[in-house]
Amino acid sequence: MEVHSGFLAVSLLLSFFVAATRGSYFSQLKDTLTVTATHPQGQVLKAGDDQITVTWRFNQTYPAGTDSDYKTVKVKLCYAPISQKDRKWRKTEDHLKKDRTCQHKIVARPYAASNNTFTYTIKKDIPTGVYFVRAYALDAQDVEVAYGQTTDAHKTTNLFEIQAITGRHKSLDITSVCFSAFSVVSLAGFFYMEKRKAKVSQQK
Amino acid sequence: MPEIEGSPGTSMHGVTGREPVLAFSVASPMVPTDTTAKFKLPVDSEHKAKVFKLFSLANPHMLTFHLSWLSFFTTFVSTFAASPLVPIIRDNLNLTKSDIGNAGVASVSGSIFSRLVMGAVCDMLGPRYGCAFLIMLSAPTVFCMSFVENASGYIAVRFMIGFSLATFVSCQYWMSTMFNGKIIGLVNGTAAGWGNMGGGATQLLMPVLFEVIKKAGATPFTAWRIAFFIPGWLNVIMGILVLTLGQDLPDGNLGALQKKGDVAKDKFGKVLWYAVTNYRTWIFVLLYGYSMGVELTIDNVIAEYFYDRFDLKLHLAGIIAATFGMANIVARPFGGFTSDFMAKRFGMRGRLWNLWLLQTAGGIFCLCLGLVNSLPLAITFMILFSIGAQAACGATFGIIPFISRRSLGIISGMTGAGGNFGSGLTQLVFFANASFSTANGLSYMGIMIICCTLPVTLVHFPQWGSMFLPPSKDNVKGSEEHYYVSEWTEEEKLKGMHLGGLKFAENSRSERGGMVASVSTPNVTPNHV
């Protein structure tokens, strides 16, 4: 009995351990995809307005058959190091399940070796920052097996800047001022009226 | 035996957990009922209620109770409304970790000053206007969130909203005008605990509002701004309710207050001196910074922590974070209860051990919270930590009334301010720094709680002892009278100003423990309004 429960405990622990470490590590992935992103040059891109055209294909310099297990491609918008500074919620981790570099999905497509292109209108919830584009190739079990990105290994070249929407609206501002004024005026009104009532009753 | 009417701080005589926690009412022989008064509840000669009927809205006493704790609750909701939405706000405003941490510090710093000023405001305008002024003037600051575009704006607005936490003072002051001194402990403890719950309720409310507004079609960066309108409206609504339904005194409003202005008041300078020169005051200022202070800190950081560390959805992180603040509904009164329970057998020494045990336990669980990697364990440790910290808050105010009779009000105020100061300091050191992860910050905070609770071992009352030392055997120095009456000079004793202190000393003999005679609660009736 003790042996069985001990064995159960160990195998449970092991399975937790395995589950925690399942999934790929970025350092194990092969850089077999060539990804390019084109966008209006020389300016900061505006969220909600500007567009990025992303193309990706299999890098033919690798032996044929390397891409035999690629089933889907997920293209993501990723933070450059400067946008990760002092922001641990965007940290780069080797274990992809814990990695927070690429938080915004651009598109997901079934894998094709070439002729892949997508025009992405930058969503309104993208924060202000400096970015690059990365594409992951996943196998049938949805595990990352390869990648490609628009920047170099140190993430220093070919970066682009996005300016977020403020989220402010004129109507919101006006409503805010109105309610604030209501609060102050009604308080002042009450105070004045009660002081007057007290004065009147004192005079009586 | 004349009490010092209107002495600075007597309004704070309600801020205790000392009165037996289960005292829901005061029996007639102890405090005679005024049978001529036409109130729904039995009242004493000052028309203060002798009975605490929780689920009644009887005007004016119970209505005041509910208006009062709800106002305090509302300010907690507004002050910590940003915390569960930080994952969205940080993206909208491009905040760094230091910006978020500094905003947290700012949110608790404003009220250090506003709480100290609020007592004077209540004295001048009455608690009704004190409360209404504060919450209705802070409503615009909440609405200001819709204008914020960067880190400095965010920090400034959170600082301004934080001033509204001074409703704690108006709440306790108002309760003391409405409830008899023998039940004021339970009334104030309940009001304070339920008000603090707002910090938990907001973690639940804001993410839900955010999701609903998003579903209605708003983009995330607009939706969170719209969500802030709800706490703003709550402020305005509560302000109007307080003004229309509330009254300063059982018999009416402010006018009566001003009639009592010609009674001799205690000198503020003297009261402050006796508070500041009593070393125990400072130990409790430090200690409360690591029970209440820690609670405020967690209100600010915990939702973001669960969102980031365990990858939860925003509203789920909010639900978990809410359980921390909501535990106040029982945890704080529980601390007062254990304090009274220990005092029955072991007197003041029992109270001190009780406080040390609860607060240190809280610290240990906080340490564990930062260390664990699994969600169920983290939630468990967080709940245990919340019980420890909040019960310690209740236990602290079980001891504070005994530090001084003359300066109780100021000591209570300083302790309260110490709570906010501790929170600001802790957030600055452990959570505004990019070099610590939040998990490490929590663990270090746990260690800091354990260390900063140790000074309670130094609190020694000559008449009752301390955690490790027995009471003084000297007949004079070891008496309660000697301790309390030493706060008055010979001149003042000639005027009879110390007589209230003598009475208090007599009643406090129950702090010797061992079921000593005279278990009647010390009379801390605030008899000015």
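A, B, ... follow the sequence lines: proteins, then strands. Residue 1 opens every chain.
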Between chain A and each of Phe228(B), Phe229(B), Trp224(B), count heavy-atom pairs under 4.5 Å; write down the option with the most.
Phe229(B)
Validation row: Asn94(B), Arg87(A) side chains within 4.5 angstrom (heavy atoms):
yes
Contact list for residues 83-183 of chain A, test disulfide (SG to SG under 2.5 Å), sequence neighbours left out
Cys78(A)-Cys102(A)
To the nearest 0.5 Å, atom CZ of Arg225(B) lies from atom CG of Asp173(A) at 8.5 Å
Inter-chain contacts: residues 131-142 of chain B against chain A, heavy atoms under 4.5 Å
Ala132(B), Phe133(B), Met136(B), Leu137(B), Ala139(B), Pro140(B)
So do the side chains of Ile88(B) and Asp125(A) get within less than 4.5 Å of each other, counting heavy atoms only?
no
Close contacts, residues 230-237 of chain B versus chain A, judged by heavy atoms under 4.5 Å
Trp233(B), Val236(B)
Side chain, backbone, both or neither of Ser146(B) within contact of chain A (heavy atoms, under 4.5 Å):
both
When rounded to the nearest 0.5 angstrom, what distance separates CE in Met193(A) from CG in Leu243(B)?
10.0 Å
Compute whether any side-chain donor of one residue and acceptor of the other, for Asn92(B) and Arg168(A), lie under 3.5 angstrom apart.
no
Taking only residues two or more places apart in sequence or in another chain, which ones pass salt bridge (Lys or Arg N to Asp or Glu O under 4.0 Å) with Glu161(A)?
none
Top contributor to chain A contacts, counting heavy-atom pairs under 4.5 Å, from Leu95(B), Asp308(B), Asn373(B), Ile226(B):
Leu95(B)
How long is the gap from CD1 on Ile165(A) to OG1 on Thr222(B), to the nearest 0.5 Å?
5.0 Å
Segment of Thr175(A) engaging chain B (4.5 angstrom heavy-atom cut-off)
both
Non-hydrogen atoms of chain B under 4.5 Å away: do they reach the side chain of Phe182(A), the backbone, both or neither?
side chain
Below 4.5 Å from any heavy atom of chain A, which atoms of Thr438(B) appear? Answer side chain, backbone, both or neither.
neither
Please state whether the side chain, the backbone, both or neither of Lys124(A) comes within less than 4.5 Å of a heavy atom of chain B.
both
Between Ile100(B) and chain A, with a heavy-atom cut-off of 4.5 Å, which part of the residue counts as in contact: side chain, backbone, both or neither?
side chain
